[in-house]
Amino acid sequence: LRDILAAFCHKAHLSVKVEVGFGLGRANINSRPADILIQGWDRGHPAALDVTVTSPLTPVILNFSAVTEGAAALAAEERKHVSNDAKCEDLGWTCIPLAVETYGNWGKEAHVVFNRLASLLAFGNSSSKSRLLNEIYSHLNMSLVRSAARAIMGRVLV
């Protein structure tokens, strides 16, 4: 997922670094708050995109997931903010968790990022923003499905 998002960012002519933040300062020695760091994303400030996949079937979130669409993604976004906001702020970055549930439901913050990315891609392009947004979701969700299939096949006894 990270590499697909980074590729779309490159296509949008954004300055991107992958896997940024490991070992930054003593307090953050085992931290890597940015799967993707985009320079100049938010009013000139870098954005640290942190991609996370979560299951709505975990015991802790299952009851909430049963009545609230996207509950697991929302909870994952909140966990990422708790663990990364202070680290990112120290570095002058904006923390943006991109949470997706194993069944393909993306969190609210991911939708905002993908919409903005599609707008940037559409600028000076013959494709519409909606077509490009569909392309982003299609590539990401296909990768998610392939990863799930590999995980299942890895557990199948032959």
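Computed over heavy atoms, backbone and side chain alike; hydrogens, waters and symmetry mates excluded.
- Put simply, Tyr103 and Ile61 are part of two different groups of oily side chains (I, L, V, M, F, W, Y) that touch within less than 4.5 Å, one to the next.
- Tracing side-chain contacts under 4.5 Å through hydrophobic residues (I, L, V, M, F, W, Y), one reaches Ile4 starting from Leu14; they form part of the same cluster.
- Every residue two or more places apart in sequence or in another chain that forms a side chain to side chain contact (heavy atoms under 4.5 Å, CB included) with Arg2 is listed here: Val18, Glu19, Asp35, Ile36.
- With values rounded to the nearest 0.5 angstrom, Thr68 atom OG1 is found 8.5 Å from Leu74 atom CG.
- Atom-to-atom distance recorded for Ser147:OG and Met142:CE is 11.5 Å, nearest 0.5 angstrom.
- For Ala73, the side chain to side chain contact (heavy atoms under 4.5 Å, CB included) partners two or more places apart in sequence, or in a different chain, are Ala99, Glu101.
- The OG atom of Ser126 sits 7.5 Å away from the CZ atom of Arg131 when rounded to the nearest 0.5 Å.
- Cluster annotation: Val51 and Ile136 are assigned to the same hydrophobic cluster (Ile/Leu/Val/Met/Phe/Trp/Tyr, side-chain heavy-atom contacts under 4.5 Å, transitive).
- Residue Ser65 comes nearest to Ala72 through the heavy atom pair OG-N, 4.0 Å, listed as atom of the first residue, atom of the second, then distance.
- Using a 4.5 Å cut-off on side-chain heavy atoms (C-beta onward), Thr102 and Pro56 make contact.
- Thr52 places none of its side-chain heavy atoms less than 4.5 Å from the side chain of Arg79.
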**OP:** Go through the steps to decide whether Glu109 and His81 satisfy the test side-chain contact (heavy atoms from CB on, under 4.5 Å), and finish with yes or no.
**Re:** CA-CA 11 Å; Glu109 294 186 62; His81 277 299; 2.7 Å; yes

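- Here the side chains of Leu140 and Phe8 are not in contact, with every heavy-atom distance at 4.5 Å or above.
- Within the 4.5 Å cutoff, no side-chain heavy atoms of Arg146 are placed close to those of Ser143.
- In this structure, Leu144 is a member of the same hydrophobic cluster as Leu5, with clusters built from ILVMFWY side-chain heavy atoms closer than 4.5 Å.
- Separating the OG atom in Ser127 from the CG atom in Leu133 is a distance of 12.5 Å, to the nearest 0.5 Å.
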Side-chain donor-acceptor distances from residues 113-122 under 3.5 Å, at least two apart:
{"from": "Asn115", "atom 1": "ND2", "to": "His111", "atom 2": "O", "distance (Å)": "2.9"}
{"from": "Arg116", "atom 1": "NH1", "to": "Trp41", "atom 2": "O", "distance (Å)": "2.6"}
{"from": "Arg116", "atom 1": "NH2", "to": "Trp41", "atom 2": "O", "distance (Å)": "2.5"}
{"from": "Ser119", "atom 1": "OG", "to": "Asn115", "atom 2": "O", "distance (Å)": "3.2"}
{"from": "Ser119", "atom 1": "OG", "to": "Lys129", "atom 2": "NZ", "distance (Å)": "3.4"}

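- Tested against Cys95 for a side-chain contact (heavy atoms from CB on, under 4.5 Å), the candidates Leu49, Asp50, Asp85 yield a single pass: Asp85.
- Taking NZ of Lys80 as the reference point, atom CD of Glu77 lies at 11.5 Å (rounded to 0.5 Å).
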**OP:** Please report the C-alpha distance between Asn84 and Lys87 in whole Å, then the side-chain angles of each, then the deciding distance to 0.1 Å, and finally whether the side-chain contact (heavy atoms from CB on, under 4.5 Å) criterion is met.
**Re:** CA-CA 5 Å; Asn84 290 335; Lys87 298 170 201 170; 3.6 Å; yes

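- Residue His10 qualifies as enclosed at atom NE2: its count of foreign heavy atoms under 6.0 Å is above 12.
- Follow the hydrophobic side-chain contacts under 4.5 Å out from Leu1 and you never reach Val20; the two are in separate clusters.
- What you find for Gly104 and Asn141 is that their closest heavy atoms are O-OD1, 3.9 Å.
- Counting non-hydrogen atoms of neighbouring residues, nucleotides and ligands closer than 6.0 angstrom, the CD atom of Glu89 reaches no more than 12 such neighbours.
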